[in-house]
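Working notes, structure below.
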Amino acid sequence: MNSIDKFLSDIQKTLKYDRANNGGHHDAKRACTQIAKLFSNNNRHLGALAVSISDYWLNTYVLQSADLPNEPSEQNIERIKAFQNFCDADSDADFSILTADDWENLRDFVDDEAETLDLDSLQNMMGLILANGALS
C-alpha cells in the first residue's frame with residue numbers, strides 16, 4: 001500500500017469511526033474536521049504548511065458546499081487527495097481537480113512557510129507549482 005492509498009483508507013476509517021461513535025449519525029462538519037486533522041497529522045513534517053492546506057480545503061470546499069450534510073463528496077475527497085499528492089511532491093499524480101485559485105493558494109502557502117521547509121520539499125513543491133502555471 002502506497003502513501004496515498006493509506007491516506008484514503010484512513011479517510012474511510014475516520015468516516016466509519018465518526019459514525020460508529022455517534023450512534024450511526026453522520027455529521028459532515030465534525031467528520032470533515034477530523035479529515036482535515038488527519039491531513040495535518042499525515043504531513044506534520046511540513047508544519048504550518050499542512051495546517052494551511054487542510055484549513056483551506058475545509059473552509060473553501062467543505063464548509064461552503066451546497067450539500068454540506070453529504071460531505072465529504074467524492075470531488076472533495078479527490079481534492080484532498082490531490083493536496084496530499086502535492087505534499088508528497090508526486091509529479092506523476094493527477095492534479096486536474098485543482099483550480100488555478102488552488103494553485104495560487106498553494107504557492108502563497110509555500111511562500112509563507114519557505115524558511116521552515118527542507119530544501120528538497122521546497123524545490124519539489126515549487127516545481128509542481130511552476131508546472132501548473134501558478135508562478136508569476
Side-chain angles (χ1 to χ4, degrees):
M1 179 179 288
N2 64 27
S3 67
I4 198 65
D5 290 336
K6 180 173 179 343
F7 179 64
L8 292 172
S9 174
D10 289 346
I11 288 174
Q12 293 308 314
K13 287 177 189 173
T14 298
L15 293 172
K16 284 182 184 180
Y17 182 79
D18 181 72
R19 279 191 188 100
N21 286 329
N22 293 287
H25 175 70
H26 174 73
D27 180 310
K29 185 175 180 179
R30 181 183 57 228
C32 291
T33 298
Q34 289 303 312
I35 292 170
K37 287 179 184 176
L38 171 69
F39 180 90
S40 295
N41 289 338
N42 200 45
N43 296 290
R44 73 176 59 95
H45 65 285
L46 298 175
L49 175 61
V51 174
S52 295
I53 294 170
S54 66
D55 286 350
Y56 173 76
W57 173 78
L58 184 65
N59 292 311
T60 302
Y61 290 107
V62 174
L63 298 180
Q64 299 301 314
S65 173
D67 192 18
L68 182 60
N70 293 312
E71 288 295 338
S73 64
E74 285 302 314
Q75 190 174 33
N76 283 333
I77 289 174
E78 285 299 310
R79 270 193 191 92
I80 201 160
K81 175 183 169 185
F83 290 139
Q84 180 60 55
N85 283 327
F86 173 77
C87 290
D88 291 341
D90 184 352
S91 60
D92 294 328
D94 179 9
F95 292 106
S96 61
I97 194 146
L98 300 182
T99 66
D101 284 344
D102 293 335
W103 284 107
E104 289 172 9
N105 277 290
L106 288 172
R107 178 199 62 213
D108 292 345
F109 297 152
V110 170
D111 283 347
D112 289 345
E113 300 302 324
E115 291 180 10
T116 65
L117 298 172
D118 68 86
L119 188 56
D120 287 339
S121 294
L122 179 61
Q123 286 178 325
N124 292 332
M125 287 180 198
M126 292 307 284
L128 288 172
I129 290 167
L130 178 63
N132 287 279
L135 263 183
S136 49

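Heads up: numbering here begins at 1 and tracks the sequence. Scope of the values below: all heavy atoms of this structure, side chains included, with no hydrogens, waters or symmetry mates. These numbers were taken from a predicted model, which means no experiment stands behind them.
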[X] [atom1] to [Y] [atom2] distance, which is reported to the nearest 0.5 Å:
X	Y	atom1	atom2	result
D27	E71	CG	CD	12.5 Å
F7	N42	CZ	CG	6.0 Å
M125	L49	CE	CG	5.0 Å
R107	N132	CZ	CG	12.5 Å
F83	F109	CZ	CZ	8.0 Å
N76	I80	CG	CD1	9.0 Å

I want to check something: taking the side chain as every heavy atom from C-beta on, are [X] and [Y] in contact at a cut-off of under 4.5 Å?
X	Y	answer
K81	N85	yes
D90	I4	no
S73	D67	no
M126	D111	yes

Checklist entry - Using a distance-only test with no angle check, is there a side-chain donor-acceptor pair under 3.5 angstrom linking D94 and S96? => result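 Note: D94 and S96 side chains meet the donor-acceptor criterion.
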
Contacts of [X] that satisfy side chain to side chain donor-acceptor pair (under 3.5 Å) - sequence neighbours left out:
X	value
N43	Q84
Y56	D102, N105
S52	none
D10	K6

Item to check | Test ring pair (Phe, Tyr, Trp, His ring centres under 6.0 Å) applied to W103 - qualifying residues, sequence neighbours left out | outcome: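 W103 satisfies ring pair (Phe, Tyr, Trp, His ring centres under 6.0 Å) with F86, F95 only.
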
Item to check | Positive for salt bridge (charged side-chain N to carboxylate O under 4.0 Å, His left out) with D18, one of K13, R30, K37 | outcome: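 The single option meeting the salt bridge (charged side-chain N to carboxylate O under 4.0 Å, His left out) with D18 is R30.
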
Could you tell me whether a side-chain N or O of [X] sits under 3.5 Å from a main-chain N or O of [Y], the two making a donor and an acceptor?
X	Y	result
T33	K29	yes
D118	S121	yes
S54	V51	yes

Item to check | Those residues that, when tested against R19, pass side chain to side chain contact (heavy atoms under 4.5 Å, CB included) (two or more places apart) | outcome: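 With sequence neighbours excluded, R19 shows a side chain to side chain contact (heavy atoms under 4.5 Å, CB included) to L15, H26, given in chain and number order.
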
Checklist entry - With the 4.5 Å side-chain cut-off for hydrophobic clustering, are I11 and L68 part of the same group? => result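 The answer is yes; both residues are in one hydrophobic cluster.
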
Checklist entry - Does one hydrophobic cluster hold both L8 and Y17, with members joined at side-chain heavy-atom distances below 4.5 Å? => result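 Shared cluster, no.
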
Next on the checklist: If I compare all heavy atoms of C87 with all of F39, which pair ends up nearest, and what's the gap?
Outcome noted: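 The answer is SG-CZ, 3.6 Å.
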
Checklist entry - How close do R79 and L98 get, heavy atom to heavy atom, and via which atoms? => result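 Of all heavy-atom pairs spanning R79 and L98, the closest is O-CD2, 4.3 Å.
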
